[in-house]
Participant: 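Structure in structure tokens, see below.
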Amino acid sequence: IMKKIIGNKKYRVISTDILVRLDYGYGDFGMIKTVFKVQVKKSFLWITIKEFEETDEDDVEFCKREAVELYNKIVNPYG
């Protein structure tokens, strides 16, 4: 499921949760990875400029802040 964190008509930051299955030989192990994407709209397509992904719960907020900071630098480069 995609969640819009911040955005306007041309730029946005979204987050998605991805289920990753790992096979260690003795059984499957599943974990959820949260990915934050900074995107720009070109014509009718959203193009990802940069992805921030982490699996540790503590690092999710860090990745979210980094994505929003990059978005702010793109939208307002002088401020």
Side-chain angles (χ1 to χ4, degrees):
I1 299 173
M2 181 187 79
K3 295 181 233 171
K4 182 176 170 184
I5 306 296
I6 189 172
N8 59 26
K9 293 181 182 179
K10 191 171 180 181
Y11 305 101
R12 71 180 180 184
V13 175
I14 62 166
S15 72
T16 56
D17 291 331
I18 300 170
L19 178 63
V20 178
R21 294 187 183 265
L22 304 171
D23 184 9
Y24 290 113
Y26 53 84
D28 287 341
F29 176 73
M31 64 183 204
I32 295 178
K33 179 174 25 174
T34 302
V35 178
F36 293 93
K37 298 179 181 181
V38 179
Q39 297 181 324
V40 62
K41 190 171 190 177
K42 200 67 173 164
S43 298
F44 295 101
L45 300 174
W46 287 98
I47 299 169
T48 301
I49 298 171
K50 177 128 178 143
E51 283 187 9
F52 299 90
E53 61 182 55
E54 292 295 325
T55 56
D56 296 335
E57 193 64 37
D58 294 336
D59 290 350
V60 170
E61 284 301 314
F62 173 77
C63 289
K64 180 179 177 180
R65 285 192 307 270
E66 289 292 306
V68 170
E69 182 180 333
L70 178 58
Y71 167 85
N72 288 332
K73 286 180 181 179
I74 291 169
V75 172
N76 188 7
Y78 302 109

Participant: Is there a continuous path of hydrophobic side-chain contacts, each under 4.5 Å between heavy atoms, that joins Met2 to Phe52?
Facilitator: no

Participant: Report the residues that fulfil side-chain contact (heavy atoms from CB on, under 4.5 Å) with Asn8, sequence neighbours left out, ordered by chain and then residue number.
Facilitator: Lys10, Tyr11, Tyr71, Val75

Participant: With a cut-off of 3.5 Å and sequence neighbours excluded, list every side-chain donor-acceptor pair involving residues 36-47.
Facilitator:
residue: Gln39; atom: OE1; partner: Arg12; partner atom: NE; Å: 2.7
residue: Gln39; atom: OE1; partner: Arg12; partner atom: NH2; Å: 3.0
residue: Gln39; atom: NE2; partner: Thr48; partner atom: OG1; Å: 3.2

Participant: Please answer: with hydrophobic residues joined when any side-chain heavy atoms are less than 4.5 Å apart, are Tyr78 and Leu70 in the same cluster?
Facilitator: no

Participant: Find out whether Val68 and Ile5 are in side-chain contact, i.e. whether some heavy atom of one side chain is under 4.5 Å from a heavy atom of the other.
Facilitator: yes

Participant: Rounded to the nearest 0.5 Å, what separates atom CD1 in Ile1 from atom OG in Ser15?
Facilitator: 10.0 Å

Participant: Are the side chains of Glu53 and Thr34 in touch, meaning some heavy atoms are under 4.5 Å apart?
Facilitator: no

Participant: Any idea which heavy atoms bring Met31 and Leu22 closest together, and the distance?
Facilitator: SD-CD1, 4.3 Å

Participant: What residue pairs, at least two apart or across chains, pass salt bridge (charged side-chain N to carboxylate O under 4.0 Å, His left out) with a residue in residues 66-79?
Facilitator: Glu69-Lys73

Participant: Side chains of Ile74 and Asn72: does their closest heavy-atom pair fall under 4.5 Å?
Facilitator: no

